[in-house]
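Quantities reported herein were computed from a predicted structural model and do not represent experimental measurements. Here is how names work: the chains are called A, B, and so on, in the same order as the sequence lines, proteins then strands, and each is numbered from 1.
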Protein chains: 2
Amino acid sequence: MNDVARVAGVSSASVSYALTGAPGVSDELRERIRAIANELGYRPSLVAQGLKTGRARSIGLLLTDITNPFYTEIAAGAVAAAGDLGYEVLISHVGLGQDAGGDDADDAGAARLATVARAHIDRYSSGLLLTSLLARDQPLLAELRRTHVPAVQLYRRVPGEPSDWVGIDDHAAAGEIINHLLTTGRRHIAVLGGQRSSYASAAREAGFVDALSAAGLQPANPDQGRWGDISRRSGLERARELFARGTPIDAVACGNDLIALGVLDACREDGFAVPDDVAVTGLDDMSFASVGPLQLTTVTVPRELIGRRGVQMLFRRIEGDSGPPVEEVLPHQLRPRDTT
Amino acid sequence: MNDVARVAGVSSASVSYALTGAPGVSDELRERIRAIANELGYRPSLVAQGLKTGRARSIGLLLTDITNPFYTEIAAGAVAAAGDLGYEVLISHVGLGQDAGGDDADDAGAARLATVARAHIDRYSSGLLLTSLLARDQPLLAELRRTHVPAVQLYRRVPGEPSDWVGIDDHAAAGEIINHLLTTGRRHIAVLGGQRSSYASAAREAGFVDALSAAGLQPANPDQGRWGDISRRSGLERARELFARGTPIDAVACGNDLIALGVLDACREDGFAVPDDVAVTGLDDMSFASVGPLQLTTVTVPRELIGRRGVQMLFRRIEGDSGPPVEEVLPHQLRPRDTT
DNA sequence: TTGAAAGCGCTAACAT
DNA sequence: ATGTTAGCGCTTTCAA
C-alpha cells in the first residue's frame, strides 16, 4: 500500500480512500491510484483490513457432512446469494457427529462443531450458517446469541432456542407421504426415521405416526428400529433387520432419501420387488434420489432457496436488525415417482 | 489479551508465550495464565495473529461445483488430513465454469476461479488445493507459482504447467473399461466424454479410442458428440441425440459417472434395456453410482486418499520444500456391476 | 480534497 | 524467566 502511495505521490490514506470507494478523494486521483495499484499488482490484505475493521466480509457455512448432496445444494444457493451481496462464503466440513454411536461420540461431535464455529468467529466471520444441528448443539447456539454472533439455522433446528431458521414443515410433509401410501393401497407401513435428537427427524416421525393414526393405523415396525442415522448404511442395516423379522410390510416410509436408498439396497439383496412387494419413500429429494430406472418417490424441498433465504436472513442480523427470531417455512411438494 | 495479562499480573508477551506454547515462561505460570484465559473466555484473534505472523494456519480448497459428490469425497479426505496437521480447511464453491457454454463463459469461469483463489491468498491462506482445473486456468497456476503460493492440483491437471498433482492414470482406466466391454461381447461402442479442455477427459477419451483401435475398432459415434459437460444433463442430451441417430449401438462408455447417469436416464426414456440392449459404463465411482437396483459399472478411484495425499503434498511445500513438481498416480480399479 | 498519525490484537526481538 | 516495545497493513479521526 505504501508502494502505491509512493508511486502516486500521495499518502497511504488516499490510497485507502481510493480503493475502498470511500469519499475524500477526487475522481481523478481515485482513477490514477486505481491504475497504479493495478499495475503494481497490489491487493489489499484482507487480514489487515479485518483487524482494523473487525469484519472479514465473509460468512461461515458449517456442514456436518460435506459428502451429503442435500446440504451441498443448500450451500450452492447460499454462495450465490452471498456473492450478490459482496460476501464470501467459507465452508467447513465438520465431520464426525453424523455417525455418532453413543453419548461420548455425541459429545465429541458437539465439541467439534463448536470448535469449528469458534474458528470462524475468531477469523472475524460476520455470521454463521448452521446445518444439521442436533439437540446437543443447543449450548453452542446459546453461546452465539450471548456473544452477538449472527447465526441462522438451515433446515434442521434446535428446539427451544430462540434463533433464526429457514426450512420446511416437516410434520406436514411426512403426513403427505403417508396419505400418498394409503391412497395407493398400502396398509402395513414401516417407518424408518432419522436421529431422535434431530428436531426435523422428530417432526417427521410425528408426522408419519399422526397421519397413520388418523387412518386408524400405526407403524408396522416396533419403536426401537425407528430411529437411526440418516445414512444409506443405516437404512440398509435397519431394513435388513426389518425384513428378517418377518412382519408383513408393504411400504417403508423413510425419514430422508439417504435412508430410502439404503432400504432400496436391502430390497435388492433380499429379492423384494419395488414397488410391487414393497413401496419405499424418501423425503428430501436430493438430486441423486432420481437415478437410473427406479426413481424414488419423495418430497421435494427448495434446497437452493433455503441457502439463499438463509443468507438474506443472516444479512439482516449482520446489518444490525435485532428483532425477534424469524422462522421461515418454505413450501415443499410431494413427488410420486417409481417406488410407490 | 491485555485483560488476561492484567488479571494474571504479567505482560501480554507472557500471555502470548503461555498460550502459543512458545518457550520463555515457566510451566507454573503457563498453567496459571491458561486457567485465567479460559476463565475469562479469552480466545486469541486469528486475524491479529495472521497479520503478525503472515500465516493463517488454514488452507483453501476450491471446488468448482460443491454439488458434485465426487469432489466432496475428496474434500472430506483433505479435511481429515489437515486436521491431523493442525490446519483448518476453508472450502469455497466457485460455481460457473462447469456449464460453460462458449469462450466468454469460459473466460468468466477462469476469472471467477482466480478471484476466489486470490481471496484465499489475501486471507493469508498457507496454500491452495485446486480441483476441476481446465486448460484455461493455466495463467492462474502460473501466477501462483510466480508468487510462491503453494498449490496442488487434485485429480484433474493442467498440462504443461509444472505443478504438484495427485490423481489416477486416466488413460489406463479408460482402456480397462473398453476391454471389459469387449470381453462381454460389445462391438458397437459409443464414447461420451467430458470437456475437451480437461486434461483428464482428454486422457480418458484417448484411452477409450486407443483401446478400441487395439481391437481394430473405433467409437460408434461421430466426433462431435464425444465432448460435452460432465453433468447428468449433458449425458442425457447427448444420449438422446445418439439414440435418435439410429446408428446401432450396444454400449456407451462415458467419461464419468455423472454422464453415465444421464445416459441411463435416456435409456429409460427411450425404452432401452440396460444392460441387455445397451451397456453403460461410468468412470469415477462416486458413491451415488451404485444406487438402487441398477448399479453402474465404473472404475473406482481412491477419493479420500486423493484429498489426504494432496494435503500432505501441500504441506511439504508450505514447510519450504522447493524440489521439482511431484505427480503422484494413485491406483484405480475396475468395478463391473449391473450395467454391463 | 488531502495528509499525519493512532491503533486494531497480536508476536518476537531485545532488554532486563 | 519475564517485561518492553516495535510493527504486521490497513482504516479513520483529526488537522491542514
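- Between the CG atom of A:L19 and the P atom of C:dT2 there is a distance of 15 Å, rounded to whole Å.
- To the nearest 0.5 Å, atom CG of residue B:L29 and atom OH of residue B:Y17 are 12.0 Å apart.
- Checking A:P325, A:P162, A:S163 one by one against A:R145, the side-chain contact (heavy atoms from CB on, under 4.5 Å) holds for a single residue, A:P162.
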Next item on the list: Starting at the 5' end of nucleotides 8-16 of chain C, put B wherever the base has a protein heavy atom under 4.0 Å, S where only the sugar-phosphate does, and a dash everywhere else.
Entry: BBBBBB---

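- To the nearest angstrom, P of C:dT1 lies 10 Å from CZ of A:R30.
- In summary, of the residues considered (B:L62, B:D65, B:I66), a side-chain contact (heavy atoms from CB on, under 4.5 Å) with B:V94 occurs for B:L62 alone.
- When the side-chain nitrogen and oxygen atoms of A:S14 are compared with OP1 and OP2 of C:dG3, one or more of them lie within a distance under 4.0 Å.
- The distance from the CD atom of B:E88 to the CZ atom of B:R57 is 10.5 Å, given to the nearest 0.5 Å.
- In this structure, the CG atom of A:L46 is 14 Å from the C1' atom of D:dT11, given to the nearest Å.
- Side-chain contact between A:V158 and A:Q153: present, with at least one pair of heavy atoms (C-beta onward) separated by less than 4.5 Å.
- The distance from atom CD of A:E28 to atom P of C:dT1 is 12 Å, rounded to the nearest whole Å.
- One can place CZ of B:R32 at 13 Å from C1' of D:dA1, the figure rounded to the nearest angstrom.
- Axis angle, first five pairs versus last five pairs of the helix from C:dT1-D:dA16 to C:dT16-D:dA1: 40°, rounded to 10°.
- Partner of A:E328 under the salt bridge (Lys or Arg N to Asp or Glu O under 4.0 Å) criterion, out of A:R308, A:R157, A:R309: A:R309 alone.
- Between B:F70 and B:Y155, the two ring planes are tilted [angle within 30° to 60°].
- Using cut-offs of 30° and 60° for the angle between ring planes, the A:F315 and A:Y87 rings count as perpendicular.
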